[in-house]
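Shown next, in structure tokens, is the structure this report addresses.
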There are 2 protein chains.
Amino acid sequence: MARTGRPREFDRQAALDAALTLFWKQGYEPTSLNQLKEIMGGISPTSFYAAFGSKEKLFEEVVELYRSTEGRVTDILFDDEISPRSAIERCLRQSAKMQTDPSHPLGCLIVSGASNCGSTGNRVVELLKSIRRKNHEAIKSQVRRAVAIGDLPNSTDIEGLTEMFSTFLVGISTAARDGANRANLDRSIDQIMALWGKR
Amino acid sequence: MARTGRPREFDRQAALDAALTLFWKQGYEPTSLNQLKEIMGGISPTSFYAAFGSKEKLFEEVVELYRSTEGRVTDILFDDEISPRSAIERCLRQSAKMQTDPSHPLGCLIVSGASNCGSTGNRVVELLKSIRRKNHEAIKSQVRRAVAIGDLPNSTDIEGLTEMFSTFLVGISTAARDGANRANLDRSIDQIMALWGKR
DNA sequence: GTAGTTCCGTATCAACCGATACATAAGTAG
DNA sequence: CTACTTATGTATCGGTTGATACGGAACTAC
């Protein structure tokens with residue numbers, strides 16, 4: 001049975017895609033409702049709030065969309081089927097490739113999407129921070145697993161190595177926004193991964 | 001001869017210090033004139049604009065203040081009197097220490113002070129970006145010098161190694177804001193600097 | 001004293017912020 | 001047809017943004 005009521009006149013998914021692009025480029029707070037409404041197909045405020053609830057809820061939905069598309073480059077950190085080294089290296093390389101891809105805004109929405117926020121944006125800041133924290137923990141699990149399976153020596157400083165990869169990973173967003181290209185980032189990953197084989 | 005006219009009733013330097021703290025914590029755009037006026041001694045709008053010109057000019061002055069105080073941790077990147085390795089390592093360690101110091105806001109004003117900006121903040125974004133670019137170039141000069149003096153082999157990938165240190169450096173700001181402590185960051189620097197001795 | 005200079009407090013500006021009210025249009029259900 | 005449901009367009013809400021106008025206060029110069 002078809003849904004009752006007047007049908008929606010704009011493409012909700014297309015509007016969400018457009019909102020992702022805008023939030024990705026500008027961040028949460030500087031992106032205004034007027035900009036969103038315009039890029040989302042010139043919809044009216046009523047349509048906006050009926051379809052998405054609020055700016056904050058839209059952002060949360062956008063983060064989910066990002067995580068299920070471009071943002072999946074970090075999913076491999078949670079993969080225990082491949083080698084720990086491969087998980088971390090591939091995460092870094094995929095992130096570098098994705099974040100420098102000119103077909104969408106530069107950098108990472110999770111890192112740079114809400115770094116400057118006033119008091120109204122606290123929930124959004126915490127949302128992104130919790131995702132970063134999970135990635136950090138996933139890196140730690142991989143390093144720990146590498147030690148457990150003998151791929152890294154028992155003397156390995158797990159916290160130190162984890163923090164190194166984690167800090168580098170979040171740094172990619174600023175680097176990409178500052179104009180670092182994929183080739184240079186890939187070579188920097190060659191360098192940082194050399195640590196793994198040199199001890 | 002003393003200056004003519006009614007004397008200023010607030011401490012301009014103290015106001016500037018307070019503005020630095022607020023911008024550092026919240027970033028450029030989310031920090032409002034009302035917040036600034038209040039923390040700067042409860043001054044009036046007239047006093048604010050007479051003394052600092054505009055919000056943007058105040059921020060530029062705040063950046064200068066930061067660069068001449070806490071922000072000096074990166075100055076050592078421009079020092080050609082010490083060894084390249086020492087210049088980079090000390091920059092990283094000083095940055096990690098400074099950015100996790102609880103006596104002031106976490107992270108780095110140059111990296112995180114204006115990452116989310118609308119069209120009005122473009123000049124500010126470019127100002128910070130240009131500073132980051134200079135740091136990146138300074139790292140490159142140090143790596144190049146290291147190769148020149150034989151501290152790194154001729155086969156060194158200068159671009160790759162530079163990007164690695166530069167990306168890690170900017171990553172410290174997000175890491176610190178996410179709660180990384182100094183000890184862990186220091187150990188991560190142990191790890192990343194080990195590259196220098198392992199080839 | 002008076003003139004000139006600089007700063008201060010209050011009141012206010014136009015523009016924009018996120019969010020709603022209200023009436024109406026377009027569909028389904030019976 | 002009427003009743004119900006859902007989306008739409010316009011007009012507007014109260015609040016905040018960065019920035020000014022204007023008159024008066026506090027100082028120096030002479």
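Everything numeric in this text was worked out from a predicted model, so none of it was measured.
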Return whichever of B:Arg6 or B:Glu56 has its heavy-atom-nearest nucleotide of DNA chain D closer to the 5' end.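 Result: B:Glu56.
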Contact nearer the 5' end of DNA chain D, comparing B:Lys55 with B:Thr46: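 It is B:Lys55, whose closest nucleotide lies nearer the 5' terminus.
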Reported [atom1]-to-[atom2] distance for the pair [X] and [Y], which is rounded to 0.5 angstrom:
{"X": "A:Met193", "Y": "A:Ser188", "atom1": "CE", "atom2": "OG", "result": "11.5 Å"}
{"X": "B:Ile88", "Y": "B:Trp196", "atom1": "CD1", "atom2": "CH2", "result": "4.0 Å"}
{"X": "B:Ile189", "Y": "B:Arg93", "atom1": "CD1", "atom2": "CZ", "result": "5.5 Å"}

Rounding to an integer number of Å, can you tell me how far [X] [atom1] sits from [N] [atom2]?
{"X": "A:Lys57", "N": "C:dG18", "atom1": "NZ", "atom2": "P", "value": "16 Å"}
{"X": "B:Phe10", "N": "D:dA25", "atom1": "CZ", "atom2": "C1'", "value": "16 Å"}
{"X": "A:Tyr49", "N": "D:dC13", "atom1": "OH", "atom2": "P", "value": "16 Å"}
{"X": "A:Ile43", "N": "D:dG9", "atom1": "CD1", "atom2": "P", "value": "9 Å"}

query = How would you label the contact of A:Pro45 with the nucleic acid (heavy atoms, under 4.0 Å): base, sugar-phosphate, or nothing?
reply =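 The residue A:Pro45 makes base contact.
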Counting the atoms with a prime plus P, OP1 and OP2 as sugar-phosphate, which does A:Phe52 contact under 4.0 Å by heavy atoms, base, sugar-phosphate, or nothing?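 Answer is nothing: A:Phe52 stays at 4.0 Å or more from every strand.
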Is the shortest side-chain N/O distance from [X] to OP1 or OP2 of [N] below 4.0 Å?
{"X": "A:Thr4", "N": "D:dC4", "answer": "no"}
{"X": "A:Ser47", "N": "D:dT8", "answer": "yes"}
{"X": "A:Arg8", "N": "D:dA7", "answer": "yes"}

Can you tell me if A:Gln142 uses its side chain to pair, donor with acceptor, with the backbone of A:Asp79 under 3.5 Å?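 Checking the backbone N and O of A:Asp79 against the side chain of A:Gln142, a donor-acceptor pair under 3.5 Å is found.
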Q.
Any side-chain to backbone donor/acceptor pair from A:Thr69 onto A:Leu65? Under 3.5 Å, distance only.
A.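 Yes: the side chain of A:Thr69 pairs with the backbone of A:Leu65.
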*DNA chain C-proximal residues of residues 12-39 of chain A, any heavy atom under 4.0 Å*: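 The stretch gives A:Thr31, A:Ser32, A:Leu33, A:Asn34 as the residues lying under 4.0 Å from the strand, ordered by number.
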message = If you assign each of B:Glu9 and B:Gly5 to its closest nucleotide in DNA chain C, which residue comes earlier from the 5' end?
response =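 Taking each residue's closest nucleotide, the earlier one in sequence belongs to B:Gly5.
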Any luck finding a side-chain donor-acceptor pair between [X] and [Y] under 3.5 Å?
{"X": "B:Ser173", "Y": "B:Ser112", "result": "yes"}
{"X": "A:Thr167", "Y": "A:Glu163", "result": "yes"}
{"X": "B:Asn34", "Y": "B:Ser32", "result": "no"}

Original post:
Does the D:dA19 base have a donor-acceptor partner in the side chain of B:Ser54 within less than 3.5 Å?
Top reply: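 Side chain to base: no pair present.
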Do we get B:Lys55 above B:Tyr28's six-membered ring, with its NZ or CZ under 6.0 Å from the centre and within 45° of the axis?
->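 That pair qualifies as a cation-pi contact.
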Using the C1' atoms of five pairs at each end, what's the angle between the two axes of the helix from C:dG1-D:dC30 to C:dG30-D:dC1, to 10 degrees?
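Answer for the end axes of this duplex: 0°.
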